[in-house]
Amino acid sequence: SFTRKVLSFGTSDSLRLLAEQQLSTPTGGPVYDFARASESKLKSLNNANRVVNEIALESPAVSVTFYNAQEYSQKALDELLAIKDNIVQLELSRMPVKDEALSTIAQFSNLEKLNLNFTGISGAGLDKLQGLKKLHTLSLAGTPVKKDQLAPLEKIGSLKRVVIWN
């Protein structure tokens, strides 16, 4: 049956073992202590311009990728506040994102990776990201952000990698 969930198979079933091997978090990978978002909530947030996926089988952590810049809106980003604690990766590359969006992004408390390449981020609101205590990768390539505007990012102790050029 194509409607049966893999997890409904026995723990020694070959299909389940294969799926767990391919989709599970690698050994030593991150362990998340927050609750999973409901399947119906994740499904309701998916559309032709935004994909919301669990990062691994049975993981509460999700990645979000936006597509189709013509259809992007601040409202589409705000809708993600319904799962704000679950988002660990956010891909907004080439979307018409403005500095105002950083206030929403700052509420994604478990965010680890943020891609703002080739967006309209000017750098004026980067201080809003200081509360993201788990952010370790930030990409700002192709934005008008200047070196002196990066100073607020120094207060993010978890930040290991910043990609920037223009």
Side-chain angles (χ1 to χ4, degrees), residues 23 25-26 28-56 59-166:
L23 301 174
T25 302
V31 175
Y32 299 102
D33 61 357
F34 46 87
R36 290 179 71 203
S38 71
E39 189 174 327
S40 62
K41 176 53 73 180
L42 295 180
K43 186 175 181 180
S44 73
L45 290 169
N46 274 294
N47 60 44
N49 305 305
R50 178 182 58 207
V51 176
V52 180
N53 284 320
E54 291 179 340
I55 64 165
S59 174
V62 301
S63 68
V64 179
T65 303
F66 280 83
Y67 300 96
N68 196 356
Q70 295 80 11
E71 298 297 323
Y72 173 83
S73 68
Q74 178 63 42
K75 180 180 181 276
L77 186 64
D78 291 342
E79 290 170 350
L80 295 174
L81 290 171
I83 58 166
K84 64 183 181 181
D85 295 332
N86 300 89
I87 300 171
V88 298
Q89 299 174 11
L90 182 58
E91 169 67 55
L92 289 164
S93 181
R94 301 190 185 278
M95 294 296 115
V97 177
K98 302 292 181 203
D99 291 310
E100 297 76 30
L102 297 175
S103 294
T104 299
I105 294 168
Q107 296 178 61
F108 302 154
S109 59
N110 292 305
L111 192 62
E112 298 172 350
K113 295 180 183 178
L114 176 58
N115 187 337
L116 295 168
N117 291 343
F118 302 98
T119 63
I121 297 296
S122 73
L126 289 176
D127 61 316
K128 293 179 178 131
L129 301 180
Q130 290 175 341
L132 296 175
K133 303 301 182 200
K134 298 180 182 180
L135 186 66
H136 60 73
T137 304
L138 175 61
S139 296
L140 294 163
T143 65
V145 175
K146 303 288 183 228
K147 182 180 177 181
D148 61 324
Q149 293 174 307
L150 297 173
L153 300 179
E154 293 175 359
K155 295 183 180 175
I156 306 174
S158 59
L159 194 57
K160 304 289 184 233
R161 184 174 188 213
V162 177
V163 178
I164 184 165
W165 76 84
N166 56 9

S.K.: For Lys75, which residues count as a salt bridge (Lys or Arg N to Asp or Glu O under 4.0 Å) partner, sequence neighbours excluded?
M.R.: Glu79
S.K.: To the closest 0.5 Å, what do you measure between CD (Gln130) and CG (Leu132)?
M.R.: 10.0 Å
S.K.: Once side chain to side chain donor-acceptor pair (under 3.5 Å) is applied, do any residues pair with Glu91, and if so which ones, sequence neighbours excluded?
M.R.: Asn115
S.K.: Determine the minimum heavy-atom distance between Lys128 and Ala106, stating which atoms define it.
M.R.: O-CB, 3.1 Å
S.K.: Take a 6.0 Å sphere around NZ of Lys113 and say whether it holds more than 12 heavy atoms from other residues, nucleotides or ligands.
M.R.: no
S.K.: Just to verify, what does Ser38 make a side-chain contact (heavy atoms from CB on, under 4.5 Å) with, not counting sequence neighbours?
M.R.: Ser40, Lys41
S.K.: List in chain and number order the residues that pass side-chain contact (heavy atoms from CB on, under 4.5 Å) with Asp85, two or more places apart in sequence or in another chain; answer none if no residue qualifies.
M.R.: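 Scan of Asp85 (side-chain contact (heavy atoms from CB on, under 4.5 Å), adjacent residues dropped) gives Ser109, Asn110.
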S.K.: Taking only residues two or more places apart in sequence or in another chain, which ones pass side chain to side chain donor-acceptor pair (under 3.5 Å) with Ser73?
M.R.: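 Partners of Ser73 under the side chain to side chain donor-acceptor pair (under 3.5 Å) test: none.
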S.K.: According to side chain to side chain donor-acceptor pair (under 3.5 Å), who are the partners of Asp99, at least two apart in sequence or on a separate chain?
M.R.: Ser122
S.K.: I need the minimum non-hydrogen distance between Val52 and Asn46, along with the two atoms involved.
M.R.: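 Minimum heavy-atom contact is N-OD1, 2.6 Å.
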S.K.: Could you work out, with salt bridge (Lys or Arg N to Asp or Glu O under 4.0 Å) as the rule, every residue matching Glu54, not counting sequence neighbours?
M.R.: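 With neighbours one apart ignored, the set is Arg36.
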S.K.: Do Phe108 and Leu81 come within less than 4.5 Å of each other through their side chains, counting heavy atoms only?
M.R.: yes
S.K.: If you round to the nearest 0.5 Å, how far is CG of Leu77 from OH of Tyr72?
M.R.: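 Separation between the atoms: 4.0 Å.
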S.K.: Decide side chain to side chain contact (heavy atoms under 4.5 Å, CB included) for Leu92 and Ile105; before the verdict, give the C-alpha distance in whole Å, the side-chain angles of both, and the deciding distance to 0.1 Å.
M.R.: CA-CA 11 Å; Leu92 289 164; Ile105 294 168; 3.8 Å; yes
S.K.: Of all residues at least two apart in sequence or in a different chain, which pass the ring pair (Phe, Tyr, Trp, His ring centres under 6.0 Å) check with Phe34?
M.R.: Tyr32
S.K.: Can you list everything that forms a side chain to side chain donor-acceptor pair (under 3.5 Å) with Gln74? Sequence neighbours excluded, please.
M.R.: Asp78, Thr104
S.K.: What residues form a side-chain contact (heavy atoms from CB on, under 4.5 Å) with Ala151, not counting sequence neighbours?
M.R.: none
S.K.: Report yes if the side chains of Leu129 and Leu114 come closer than 4.5 Å at any heavy-atom pair, otherwise no.
M.R.: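 The answer is yes; the side chains approach within 4.5 Å.
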S.K.: Checking the side chain of Arg50 only, and the main-chain atoms of Val64 only, is there a donor and an acceptor separated by less than 3.5 Å?
M.R.: no
S.K.: Taking the side chain as everything from C-beta on, heavy atoms only, tell me whether Leu116 gets closer than 4.5 Å to Leu102.
M.R.: yes
S.K.: Rounded to the nearest 0.5 Å, what separates atom NZ in Lys134 from atom CD in Glu112?
M.R.: 7.5 Å
S.K.: Is Ile164 close to Leu138 at the side-chain level, that is, under 4.5 Å between some pair of heavy atoms?
M.R.: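 A side-chain contact is absent here, since even the closest heavy-atom pair is not under 4.5 Å.
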S.K.: Can you give the donor-acceptor pairs under 3.5 Å from side chains of residues 152-159 to other protein atoms, not counting sequence neighbours?
M.R.:
residue, atom, partner, partner atom, Å
Ser158, OG, Lys133, O, 2.9
Ser158, OG, Leu135, N, 3.2
Ser158, OG, Leu135, O, 2.6

S.K.: Mind checking the CD-CG spacing from Glu71 to Asn47? Nearest 0.5 Å is all I need.
M.R.: 9.0 Å
S.K.: What pair of heavy atoms forms the shortest contact from Ile83 to Ala37, and how long is it?
M.R.: CG2-CB, 3.7 Å
S.K.: Rounded at 0.5 Å granularity, tell me how far CG in Leu140 sits from OG1 in Thr119.
M.R.: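 That separation rounds to 7.0 Å.
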S.K.: Between Asn117 and Ser93, is there a donor-acceptor pair closer than 3.5 Å when you use the side chain of the first and the backbone of the second?
M.R.: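 The answer is no, because no donor-acceptor pair under 3.5 Å joins these two groups.
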S.K.: Please identify each residue that fulfils salt bridge (Lys or Arg N to Asp or Glu O under 4.0 Å) with Arg94, with sequence neighbours left out.
M.R.: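 Partners of Arg94 under the salt bridge (Lys or Arg N to Asp or Glu O under 4.0 Å) test: none.
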S.K.: Could you tell me the separation between the OG1 atom of Thr65 and the CD atom of Gln89, rounded to the nearest 0.5 Å?
M.R.: 8.0 Å
